[in-house]
Amino acid sequence: MKKQSKALLALLLLGMSTTFTQAADIWVSPKGDDANPGTAAQPVKSLIIALRNGSELRRTHKLQPNEPVNILLKGGVYSSEEPLFIRPEDSGSPTSPTVIQAVKGEKPVISGGVSVTNWEKAGNVAELPAEAQGKVWVAKAPRVGGRLLEFRQLWVNDKKAVRAQTPEWQQMNRIIRWDKKKAICWIPTPKYGKWEDTKQLEMIIHQWWEIAILRVKSVEIHGDSTCLSFYEPESRVQNEHPWPAPFMSKKDGNSPFYLANSIRFLNTPGEWYEDLEKGLVYYYPREGENMHKAEIIAPNLENIVNIKGTPDRQVSNIQFKGITFEHAAWMRPSRAGHVPLQAGMYMLDAYSIEKEKGTDERPDLTNLAWLGRPTAGVTVMNANNISFNRCVFQHMAFAGLDFVRGTSYDTVEGCVFKDMGGNGLQIGLFSDEAYETHRAYNPQDMRDVCQYERIANNYVTDCANEDWGCVGIGAGHVRNINIEHNEVYDVYYTGISMGWQWNKRLNCMRNNRVFANLVHHYAKQMYDVAGIYTLSPQPGSEIYENCVYDLVKAPYPHDPKHCFYLYTDEGSSYIRVHDNWTEVAKFLQNANGPGNEWTNNGPDVSLEIKNRAGITPEYQDIKSVK
């Protein structure tokens, strides 16, 4: 009996050990089954279930205090009709984090997209331009949740397609006249038959340092010129706000524009159009694309991963390693247009005021604005000790990763951000929807402010390819953050932007550091621009030992000379700018406050500083990640 008891105890201990080992490592595969135990041989299928199982381990005290929950993702695509929601109950601890990571040598992809399949040659389509007849393919638009999916982006074999437009953005026309009082504009008449009958038509206009996306309400053709009006609410905002606005200049030309989202304009390989009334998608293949084999993805989810706690109960100690996040949508421009103030932050309301009356904080202020914040593929709010290491954020309609508010002690390192419609990475409050954006932001609860963050060794490229006024890395009201050793390349506006509010009054921003970054080939479309840009007071902050070069000659600048390597803009105060290598000493200090120090910046700075900037050797391999 004694021997039997000992043997039984040994078996129980062995069983507990086996259960514990399997439970600490939760395996996931697109080919798995959520009824499985989550072992390597029998993985679960969904991340939602894997997270739940990990939370149950913690809730039922089946983990040792120093053992992590490892959620191991096998290669393949993880698609869902809902975002992955990570809540406080999923949190780990400093010694027992929740780690969501790729199995070594495999590529797991968390996608917000759906496939568009069963393509056929379209044949003769009366609305198509003559040059596209017989070359365009068609498929039924996907349905999600029993409804037709509307989308603004399409990727073919991992390459972004272009919504049908005229003219191509490389040869944009100029507006003829803008009438704010009548809320109309005049443009040269496009040379397409019956294009004015098109529903869903949009106008995209270049406005100094930003764009505007306006849904066209009416079209009146008067020979060589055409009058357009626009839907609300964007028409009101566009015509009442003063900055940025359509540029009118005999010297440098009026604002350029293009029209988009009409089958009448579908005449170039790589263009597409979704007909919402017929539920069809049309695509003109590029050379070499086999439509029977091509992988064609439309975005469904606007938010793929949502990490969200509360100020009093935060999400903490979650790590992501080697995960690719892709195919996020952003549909607001199709519902309400898009009229941004700067860095993609769109105006909900904005209008001019008399300069003499201004505000208590800024008597000279000539306009008021309240802003909304576009979505990101991955969002973090009220969380701490969240890390992303060697992850890829790509094919997003707007931003890739967004630390919205209330975050601290987070790390983003060795990640790739590419093919973003808006900002690559954005962090910190810019302004709440109910907070006038020019006011100094000093919340009573400082937990609201993103602080003690580290953004390092990331490769940020091809950002702002839809909203050209966005940036590679954009920080709003932040404090004690480090943006260091990143490479920002091939962006349409500014490389790195830090600060907000256009005000000389002290605010919550403090002790920020922009150090040893490499910024090049920026300002592809917009001017009033810099490689590194700041706004408003930031005591104790430094911008140093960065390398900035290859300021692109944008094709449609409102002022060809208004472009810079370093730029401290309105209210920038108490910032040290020193030892930055730039190929030309072209800088701007515009309406700055007190306390700035500029020393040793330009082409004479040590080549050692220049060569040391950018991604450090141990992360250089991320530049070749596909």
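From a predicted model like this one, the values you see are computed outputs, not experimental measurements. In this chain, residues are counted from 1 in sequence order.
At distances below 3.5 Å, at least one donor-acceptor pair connects side-chain atoms of Tyr78 with backbone N or O atoms of Val28. The backbone N or O of Pro43 sits nowhere less than 3.5 Å from a side-chain atom of Ser29 that would complete a donor-acceptor pair. Between the side chain of Asn458 and the main chain of Phe417, no donor-acceptor pair closer than 3.5 Å is present. A distance-only check finds no donor-acceptor pair linking the side chain of Thr226 to the backbone of Pro188 [under 3.5 Å]. The backbone N or O of Phe85 lies less than 3.5 Å from no partner atom in the side chain of Asn306, so there is not a single donor-acceptor pair. Judged purely by atom type and a 3.5 angstrom limit, Asn53 has no side-chain atom pairing as donor or acceptor with the backbone of Ala50. No donor-acceptor distance shorter than 3.5 angstrom exists from the side chain of Glu106 to the backbone of Gly76, with no hydrogens or angles considered. Not a single donor-acceptor pair under 3.5 Å links the side chain of Thr494 to the backbone N or O of Ile496. No side-chain donor-acceptor contact under 3.5 Å links His558 to the backbone of Met526. Under the 3.5 Å distance criterion, the side-chain polar atoms of Trp208 are matched with a main-chain donor or acceptor of Ala245.
Under the salt bridge (charged side-chain N to carboxylate O under 4.0 Å, His left out) criterion, Lys524 pairs with Asp490, sequence neighbours left out. By the side-chain contact (heavy atoms from CB on, under 4.5 Å) test, Pro83 is found to be paired with Leu301, Asn303, residues two or more places apart in sequence or in another chain being considered. When the salt bridge (charged side-chain N to carboxylate O under 4.0 Å, His left out) test is applied to Glu487, the partners found at least two apart in sequence or on another chain are Lys623. Legend: residues meeting salt bridge (charged side-chain N to carboxylate O under 4.0 Å, His left out) with Asp621, ordered by chain and number and at least two apart, are Arg390.
Within the 4.5 Å cutoff, the side chain of Phe430 has no heavy atoms near those of the Leu371 side chain. Using a 4.5 Å heavy-atom threshold, the side chains of Ile263 and Asp275 count as separate. Contact check for Met420 versus Val491: no side-chain heavy atoms found under the 4.5 Å cut-off. A 4.5 Å side-chain heavy-atom check between Glu289 and Val156 finds at least one atom pair inside the cut-off. Taking the side chain as every heavy atom from C-beta outward, Val216 and Phe230 approach each other to under 4.5 Å. Side-chain contact between Met396 and Asp419 is absent, with no heavy atoms from C-beta onward closer than 4.5 Å. With contacts defined as side-chain heavy-atom distances shorter than 4.5 Å, the pair Ile205/Pro246 qualifies. Inter-residue side-chain proximity for Phe151 and Pro142 is flagged as met; some heavy-atom pair is nearer than 4.5 Å.
A side-chain donor from one of Glu131 and Asn267 sits under 3.5 Å from a side-chain acceptor of the other. Side-chain contact check for Lys140 and Asn118: no donor-acceptor pair (N or O, by modelled atom type) lies under 3.5 Å. For the residue pair Glu271 / Tyr282, no side-chain donor-acceptor distance below 3.5 Å is found, with atom types taken as modelled. Judged purely by distance below 3.5 Å, without hydrogens or angles, the side chains of Glu413 and Asn457 pair a donor atom with an acceptor atom. Checking Asn70 against Trp27 by side-chain atom types alone, no donor-acceptor pair falls below 3.5 Å. Counting only N and O atoms by type, the side chains of Gln153 and Glu466 include a donor and acceptor under 3.5 Å apart. Counting only N and O atoms by type, the side chains of Asp158 and His395 include a donor and acceptor under 3.5 Å apart. Asp34 and Ser46 are linked by a side-chain donor-acceptor pair at a separation below 3.5 angstrom, with hydrogens and angles left out of the test. For the residue pair Ser111/His327, the side-chain donor-acceptor check at 3.5 Å is satisfied. Tyr493 and Asp467 share no donor-acceptor pair across their side chains, judged by distance under 3.5 Å alone. Counting only N and O atoms by type, the side chains of Ser255 and Arg174 include no donor and acceptor under 3.5 Å apart. Of the N and O atoms on the side chains of Asn486 and Tyr619, not one donor lies less than 3.5 Å from an acceptor on the other residue.
Heavy-atom neighbours of Glu295 CD from other residues, nucleotides or ligands within 6.0 Å: at or below the threshold of 12. More than 12 heavy atoms of other residues, nucleotides or ligands sit less than 6.0 Å from atom CG of Asn290. When the shell of 6.0 Å around NZ of Lys308 is examined, it contains 12 or fewer heavy atoms from other residues, nucleotides or ligands. Summarising the local packing, CD of Glu120 is surrounded by 12 or fewer heavy atoms from other residues, nucleotides or ligands at distances under 6.0 Å. Dense packing is recorded around CD of Gln171, with more than 12 heavy atoms of other residues, nucleotides or ligands lying under 6.0 Å away.
Listed by first and then second residue, the salt bridge (Lys or Arg N to Asp or Glu O under 4.0 Å) pairs involving residues 328-347 are Glu150-Arg335 (not counting sequence neighbours). A salt bridge (Lys or Arg N to Asp or Glu O under 4.0 Å) check over residues 203-218, counting only residues at least two apart or in different chains, returns the pairs Arg215-Glu234.
Here the closest non-hydrogen pair linking Trp330 and Pro374 is CZ2-CB, 3.7 Å. For the pair Asn423 and Ala343, the tightest heavy-atom approach, listed with the atom from each and the gap, is ND2-O, 3.1 Å. In terms of heavy atoms, Pro340 sits closest to Pro244 at O-CD, 3.8 Å. Here the shortest heavy-atom pairing between Pro560 and Cys563 reads O-SG, 3.7 Å. Gly322 and Ala102 make their closest contact through O-CB, 3.4 Å (heavy atoms, listed as atom of the first residue, atom of the second, distance). In plain terms, the two heavy atoms of Ala40 and Lys74 that are nearest each other are O-NZ, 2.9 Å.
The distance between the ring centers of Tyr283 and Trp137 does not fall below 6.0 angstrom. Annotation: Trp186 is in aromatic contact with His222 [ring centroid separation under 6.0 Å]. In summary, the aromatic rings of Phe265 and Tyr192 are positioned with their centroids under 6.0 Å apart.
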Leu228/Ile187 under side-chain contact (heavy atoms from CB on, under 4.5 Å): CA gap, chis, key distance, verdict | CA-CA 8 Å; Leu228 304 179; Ile187 63 170; 3.7 Å; yes

Using the side-chain contact (heavy atoms from CB on, under 4.5 Å) rule, take Val99 and Lys321 through it: C-alpha gap first, then chi angles, then the decisive distance, then the call.
-> CA-CA 8 Å; Val99 184; Lys321 298 180 178 181; 4.1 Å; yes

Report the C-alpha distance between Asp402 and Arg373 in whole Å, list the side-chain angles of each, state the deciding distance to 0.1 Å, and finish with yes or no for salt bridge (charged side-chain N to carboxylate O under 4.0 Å, His left out).
-> CA-CA 10 Å; Asp402 189 359; Arg373 187 187 190 107; 2.6 Å; yes

Working for side-chain contact (heavy atoms from CB on, under 4.5 Å), residues Glu202 and Leu214 = CA-CA 6 Å; Glu202 296 178 1; Leu214 309 172; over 6 Å; no

Step by step, would you call Met203 with Ile175 a side-chain contact (heavy atoms from CB on, under 4.5 Å)?
-> CA-CA 11 Å; Met203 180 183 190; Ile175 63 172; 3.7 Å; yes

Using the ring pair (Phe, Tyr, Trp, His ring centres under 6.0 Å) rule, take Tyr527 and Tyr556 through it: C-alpha gap first, then chi angles, then the decisive distance, then the call.
-> CA-CA 9 Å; Tyr527 267 24; Tyr556 304 100; over 10 Å; no

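The pair Lys160-Asp462 does not meet the salt-bridge criterion, since no charged nitrogen lies less than 4.0 angstrom from a carboxylate oxygen.
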